[in-house]
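Below you'll find the structure, written out as structure tokens, and then a few comments.
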Amino acid sequence: MLIGVPAETLAGEKRVATVPDAVEKLIKLGFAVAIQSGAGDGANFSDEAYRAAGAEVLPDAASLWAKSDIVFKVRPPSSEEVALMRDGGTLIGFIWPAQNPQLMEQLKAKKATVLAIDCLPRTLSRAQKMDALTSTAGVSGYRAVIEAANAFGRFFNGQITAAGKVPPARVFIAGAGVAGLAAIGTAANLGAVVRANDTRAEVADQVKSLGGEFVKVDYEEEGSGGGGYAKVMSEGFQAAQRQMYATEASNADIIITTALIPGKPAPKLITAEMVQSMKPGSVIVDMAGEQGGNCELTVPGEAVVRHGVTIVGYTDLPSRLAKQSSTLYATNLLRLTEELCKAKDGVAVVNMEDDAIRGLTVAKDGEITWPAPPLKAPPAPAPKAAAAPMPEKKSAHGPGAPMSGKTLSIVFAVLAVLFWAIGAYAPAAFLGHLTVFVLACFIGYMVVWNVTPSLHTPLMSVTNAISSIIAIGALIQIAPPGMGENGRPDTLILWLAFAALVLTGINMFGGFAVTKRMLAMFRK
């Protein structure tokens, strides 16, 4: 089968649906790849690079659409592009079926199979490698901060210079989804004081981990809408949220809004009064501009100044990092193609039994299959095994019963007789060694278990303490008490002591070397 990649026709769109590195991997799956001449120019991928990767470069869109069995696109196709599509072909890309019912009817007439990458079930862990929405949102969040920095008249980080003190920029981010989190991390890395809000309380830890401060609305309501998106909140919550936004807007230098709800216009979060309350020179980057914007004064596709505040409503943020966006998107489509062609024979099979593939398939051979049925609930966990019955309490005379006073007295008497016999008949040197052995066991135990771990783990502390005891014992054996009759250490004792010193030295110094490497991992 031939995969075709046409040039994007939307004005200002610089992305391309595949890149030379992905072309090589698609060919290894058994596909032939064709690309329209100049399709990758906006993302700095030349026709020569595609040819070198093994793709065929076709001169125009008409010939590419006519020859292709599968078409990779970024933006939804126009009516003219659908007219060029071959009957029964396959289209993969962003479709947005809820917002484009007319397009769906045109594709139905072409008996097309359509896989909308925007309809991928994002809650499936195995679908994350195909999640182009997440890839695109991450790029958009990063670029939003760059656009804000370009329009802002100061440093992001605070500085103290000979010319005076520069305070850090105060950034407020509305919405902590993928794009919002990318913006939080970027702004924090630039040195700004970052605050963020989201209707989903579970993202608070993620905001904090990226260096931001989570601002909670003083109203209790769950904001998760399923599938990783937020839901439309109640009137009471929205009123409390507007009050909080008004406070944040009056204090912020930069506001970045990311709030979107699938299939609905972008919610209005920033009112004209809030814009008017902001300091002159402040910036708002409205990432929801394509769906109408989160700010009442946003002009989609433009940057305007209202009440001294620059409001950036660009709708092409991913395209402003076209090479990075195209590379990530091409990887997502490659992973999807691998799922469609598990046999690696160059034939794409749309398996409607696969939850991920079924979710993003919005049309199959001309039949509209969108929306997909709800995902199957995971199987219920197996019931826990019944707790083992408590063992019956044993009788006082059973095998597990505690020792009686009479028995304990007999044991002590036997031990006393044993020690008396040793003292009466054993050589004096043996008694001295026995005494040293008992004291060494006691002192060694106390030394080992009272070592306080400071720069290493408790286990390493214990092993180093034991190693120290072994090293001291080995040195004692080499010292005068270990001399033989000829005035020199016994050969066996000498070599055993030497081996003990070598091994404990390796253990101790190796332990500290490993500790140093572990500590280095936590240093920037």
Side-chain angles (χ1 to χ4, degrees), residues 138-176 179-198 204-216 244-258 269-270 272-287 289 294-295 297-299 302-314 316-318 320-324 455 516 519-524:
V139 174
S140 299
Y142 174 88
R143 184 67 192 196
V145 176
I146 302 304
E147 294 294 339
N150 180 59
F152 190 50
R154 285 206 330 259
F155 299 135
F156 265 45
N157 63 323
Q159 296 186 14
I160 298 177
T161 69
K165 181 180 178 181
V166 180
R170 299 180 62 87
V171 179
F172 177 71
I173 296 175
L181 292 173
I184 292 168
T186 305
N189 287 337
L190 289 174
V193 176
V194 184
R195 294 164 64 85
N197 169 260
D198 196 280
D205 290 338
Q206 299 175 39
V207 171
K208 294 176 184 176
S209 69
L210 290 170
E213 178 185 351
F214 188 77
V215 184
K216 192 176 184 299
M244 183 270 291
Y245 280 171
T247 302
E248 293 296 326
S250 62
N251 295 325
D253 299 307
I254 296 168
I255 295 178
I256 299 175
T257 65
T258 70
L269 304 178
I270 308 299
E273 291 77 13
M274 295 179 193
V275 175
Q276 195 168 1
S277 71
M278 296 179 72
K279 296 182 288 289
S282 299
V283 178
I284 297 175
V285 180
D286 193 341
M287 295 179 61
N294 296 135
C295 177
L297 303 181
T298 296
V299 178
E302 298 181 21
V304 298
V305 179
R306 299 287 186 268
H307 307 295
V309 178
T310 302
I311 303 173
V312 179
Y314 297 148
D316 60 346
L317 290 175
R320 289 171 180 258
L321 286 172
K323 187 166 187 174
Q324 182 69 76
L455 294 179
K516 183 177 179 181
L519 292 174
M521 294 171 60
F522 296 94
R523 297 192 185 102
K524 290 187 178 180

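Values below: every heavy atom of this structure, side chains too, minus hydrogens, waters and symmetry copies. Worth saying up front: this structure is predicted, and the values here are computed from it rather than measured.
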Could I get the full list of side-chain hydrogen bond (donor to acceptor under 3.5 Å, both in side chains) partners for [X], not counting sequence neighbours?
X      : result
Glu273 : Thr271
Gln276 : none
Lys208 : none
Gln324 : none

For residues 138-162, which residue pairs pass the ring pair (Phe, Tyr, Trp, His ring centres under 6.0 Å) check, not counting sequence neighbours? none
Does anything in residues 155-172 form a salt bridge (Lys or Arg N to Asp or Glu O under 4.0 Å)? List the pairs, not counting sequence neighbours. none
Sorted by first residue and then second, give each salt bridge (Lys or Arg N to Asp or Glu O under 4.0 Å) pair with at least one member in residues 277-286; sequence neighbours left out. Asp253-Lys279
In chain order, what residues pass the salt bridge (Lys or Arg N to Asp or Glu O under 4.0 Å) check against Glu147, with sequence neighbours excluded? Arg143, Arg320
Under the salt bridge (Lys or Arg N to Asp or Glu O under 4.0 Å) rule, collect the residues that match up with Glu302, sequence neighbours excluded. none
Only counting residues at least two apart or in another chain, list the ones meeting ring-ring contact (aromatic ring centres under 6.0 Å, His included) with Tyr245. Phe172
Who pairs with Ala272 by side chain to side chain contact (heavy atoms under 4.5 Å, CB included), at least two apart in sequence or on another chain? Glu296, Leu297
Going by the rule side chain to side chain contact (heavy atoms under 4.5 Å, CB included), which residues pair with Ala144 if we only count those two or more places apart in sequence or in a different chain? Ile256, Val285, Met287, Leu317
